[in-house]
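What follows is one structure encoded as structure tokens, with my remarks underneath.
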Amino acid sequence: MSAEPKKSNNFIRNMIEDAIAKGDHTGDVVTRFPPEPNGYLHIGHAKSICLNFGIADTFKGRCNLRFDDTNPEKESQEYIDAITRDVNWLGYEWDGEIRYASDYFDTLYDFAIELIEKGKAYVCALTAEQMTAYRGTLKEPGKNSPYRDRPVEESLQLFRDMRDGKFQNGELVLRAKIDMASPNMNMRDPILYRIRYAEHHQTGNKWCIYPMYDFTHPISDAMEGITHSLCTLEFEDHRPLYDWVLENTSVPCRPRQTEFARLNLNYTVTSKRKLKRLVDEGHVAGWDDPRMPTVSGLRRRGYTPESIRQFCDMVGVNRAGGTVDVGMLEFAIREDLNARAPRAMCVMRPLKVTLTNYPAAQVETLSLPVHPQDDSMGQRDVPWTRTLYIDRDDFAEEPPRKWKRLAPQQAVRLRGGYVITCREVVRDGQGEIVELLCEYDANTLGVNPEGYKPNGVIHWVSAEDSVEAEVRLYDRLFNHESPDSDKEGDLTDHLNPDSLVIVTGARVERALAEPRQDLPYQFEREGYFFLDPELSGAGRPVFNRTVTLRDSWGKGGN
RNA sequence: UGGGGUGUCGCCAAGUGGUAAGGCAACGGGUUUUGAUCCCGUCAUGCGUAGGUUCGAGUCCUACCACCCCAGCCA
């Protein structure tokens, strides 16, 4: 990546810079992004992606994409495809081909043999329950497995037999021989291989034994010449084991693991397990539901890759695990879209306005800028007719103080058009307001009226010459700041019942009959809205609200 | 005294002994045909607490306190 804006410094960048300055690090800086294909990427992964690819970029190194696929029962090609797409969409290119930990299954097997031959690993026949008992507790040491000192030749033969399918699921495991009394649970003779008769999405039925993460990861890193293996804080306790594996096998090089704090966002969850649950239980429409903090959800919502990268940069990287306010994410997308989004008008809840002094047959084509601060984006045509729609929320019979919209006998500017004054309110049999009879001031196009001052500016659309649209107003999925970290109840107790409000019968200006699909629009005075690629039909657009405009008046939007 | 971490403004975050950056939010004010944007201003004598070292400490030492992670044949 070359177009990456300059990145804020963080302790990892500083560490690498110092090492290069002191001559401790020579050669390329090589990182990797190593997702397990057991779910979709979320905003937390985006942080890791920006870090790994960003580091490689600033140090002119390389970054690999490697699927950590050692648990076939939880993984699938669907997830691989989604993850690959998301990384690309975020704007990153990995070095060479996509890698898979499963590419190294043969190598891994050989290194396991090496450990056994060195007397550093053994085949253990303890059951899962026995294993737990032997492991000890956090405060008490474990005790050695009775199989720990079995002869090397015996372990060697047993391990081959494991591979050759001579045992049942879970019957035997290969364990590292380290220290059952270690205060670090990960060092109490961790399992290296388990028997699992499962078809693997990459290797098919070639294997019935699969290596564990702690054995696979350091070796995969070494095989790829990774110099900086960056991971989240919960793996800190695994580092001694990561190092142990590298020290005790004849790997070609020596990567270093460095941990950083994972991203937490309030009012949402960033855990693949919990997100999967929301999908499986139907609380959302899928992994790419616009309310999901997944990369695909954010994309469908209208977030841009640039805004997500900017957000990750704002958040920073360190070892102090905090919780970032979603407001910062919203700021990032507003900042990007304010500069780039074409403007348009959309009336969510149409209220008919008849201009009594405007000829019925007349149509005037107004030319409005696509962006008020960027002339290079050009103009668009907006028809002005006798019958218009404004939003019901922009009219009040008894306006509050400082009302900047329409009210009886008061005037407002219609955005880009004329100033109108409301003369009469028309009601139906139920007493509901169905129409406003207004007069327009023909001398106010592009100039202020003489002798009076309009309240403000509201948006509008021609009644006949506009397009019907469905608009989906999204709000936060949870109404609890930390929906998953409290003891008060279940995650699903905190779902926001108003996280999706569907508005049908909205009207958008004619220019949006065929909306662009690459970037959201700003519906003026409302927010940013992105054409939903799944739900929109020909001539019937569906817009997802990406985010409201900042609003210093009341609560934003509808 | 299981082990490993982290504590700087409401939130994120710089700072590596020389006298507390920046961003978000908030709050004032100006511009404005989006109650948007933009502009200008305010916002930590204080860095988990208590001692200590030093001419000088967020940075060094000691002791506490709080929070997070670890007992999957998950990653």
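Letters go in sequence order (proteins before strands), and every chain restarts at 1.
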In terms of side-chain heavy atoms of [X], which of [options] is nearest?
X      : options             : result
A:F235 : B:C73, B:A75, B:C69 : B:A75
A:R415 : B:U33, B:C73, B:A14 : B:U33
A:H238 : B:A75, B:G23, B:U33 : B:A75

>> For B:G35, is there a stacking contact with A:W553, counting only centres under 5.5 Å and planes under 30°?
In response: yes
> What is the glycosidic conformation of B:G18: syn, defined as within 90° of 0, or anti?
Replying inline: anti
> Do any of residues 158-169 of chain A sit with a heavy atom less than 4.0 Å from RNA chain B, and if so which?
Replying inline: none
When the [atom1] atoms of [M] and [N] are compared, how many Å lie between them, rounded to an integer?
N     : M     : atom1 : value
B:G48 : B:C67 : C1'   : 10 Å
B:G10 : B:A26 : P     : 15 Å
B:G58 : B:G52 : P     : 15 Å
B:A36 : B:C68 : C1'   : 40 Å
B:A71 : B:A14 : P     : 29 Å
B:C39 : B:G46 : P     : 33 Å

>> Taking ring pair (Phe, Tyr, Trp, His ring centres under 6.0 Å) as the definition, give me every residue that meets it alongside A:H217, ordered by chain and number, with sequence neighbours left out.
In response: A:Y213
Looking only at the aromatic ring of each residue, does the gap between the centers of [Y] and [X] stay below 6.0 angstrom?
X      : Y      : result
A:Y109 : A:F159 : yes
A:Y267 : A:F478 : no
A:Y242 : A:F235 : no

Name the nucleic acid region contacted by [X], choosing base, sugar-phosphate or nothing; use a 4.0 angstrom heavy-atom cut-off, strictly under.
X      : result
A:K74  : nothing
A:D214 : nothing
A:G446 : base

>> Test of understanding: with salt bridge (charged side-chain N to carboxylate O under 4.0 Å, His left out), list the residues that count as partners of A:R194, not counting sequence neighbours.
In response: none
> Can you list every side chain to side chain donor-acceptor pair (under 3.5 Å) pair that touches residues 442-454 of chain A, not counting sequence neighbours?
Replying inline: A:D441-A:Y452
> Which heavy atom in A:D68 sits nearest to a heavy atom in A:P37, and how many Å separate them?
Replying inline: O-CD, 4.0 Å
> If every non-hydrogen atom of A:N52 is compared with every non-hydrogen atom of A:T31, which pair is closest and at what distance?
Replying inline: O-OG1, 2.9 Å
> Is the A:W287 ring parallel, tilted or perpendicular to the A:Y79 ring (thresholds 30°, 60°)?
Replying inline: perpendicular
> Which word best sums up how the rings of A:H45 and A:H42 line up, parallel for under 30°, tilted for 30 to 60°, or perpendicular for over 60°?
Replying inline: tilted
Looking only at side-chain N and O atoms, does [X] come under 4.0 Å of OP1 or OP2 in [N]?
X      : N     : value
A:R319 : B:U6  : yes
A:T70  : B:A75 : yes
A:R194 : B:G72 : no

> In terms of the nearest nucleotide of RNA chain B, which residue is placed more toward the 5' end: A:F331 or A:T127?
Replying inline: A:F331
>> Quick check: on RNA chain B, is the nucleotide nearest A:N14 upstream (toward 5') of the one nearest A:P211, or the reverse? Name the residue that is more 5'.
In response: A:N14
Salt bridge check: are [X] and [Y] linked by an N-O gap of less than 4.0 Å?
X      : Y      : result
A:R66  : A:E224 : yes
A:K74  : A:E36  : no
A:R545 : A:E526 : no

> Tell me, for nucleotides 36-42 of chain B in 5' to 3' order, what letter each nucleotide earns: B for a base near a protein heavy atom under 4.0 Å, S for only sugar-phosphate near one, - for neither?
Replying inline: BB-----
Show me the donor-acceptor pairs, under 3.5 Å and distance only, between side chains in residues 14-22 of chain A and residues at least two apart or in other chains.
{"from": "A:N14", "atom 1": "ND2", "to": "A:N10", "atom 2": "O", "distance (Å)": "3.3"}

Review item, nucleotides 58-60 of chain B N/O atoms under 3.5 Å of protein N/O:
none

> Under a 3.5 Å cutoff on both atom distances, Watson-Crick or G-U, what's the dot-bracket for RNA chain B ([ ] crossing, | other strand)?
Replying inline: .(((((((.[[[..)..(...]]].(((((.......))))).....[[[[[..)....]]]]])))))).....
Interface polar pairs with nucleotides 30-32 of chain B, N/O, under 3.5 angstrom:
none

Does any donor-acceptor pair link the side chain of [X] with the base of [N] at a separation under 3.5 Å?
X      : N     : value
A:R525 : B:U34 : no
A:N184 : B:G4  : no
A:R196 : B:C73 : yes

>> Does anything in residues 125-148 of chain A form a ring-ring contact (aromatic ring centres under 6.0 Å, His included)? List the pairs, not counting sequence neighbours.
In response: none
> Could you give all pairs that pass the salt bridge (charged side-chain N to carboxylate O under 4.0 Å, His left out) test and reach residues 168-182 of chain A, with sequence neighbours left out?
Replying inline: A:D149-A:K177
>> Quick test of your reading: applying salt bridge (charged side-chain N to carboxylate O under 4.0 Å, His left out), list the pairs with at least one residue in residues 132-144 of chain A, sequence neighbours left out, ordered by first then second residue.
In response: none
> In a check of salt bridge (charged side-chain N to carboxylate O under 4.0 Å, His left out) between A:R525 and each of A:D394, A:D551, A:D393, which one passes?
Replying inline: A:D394
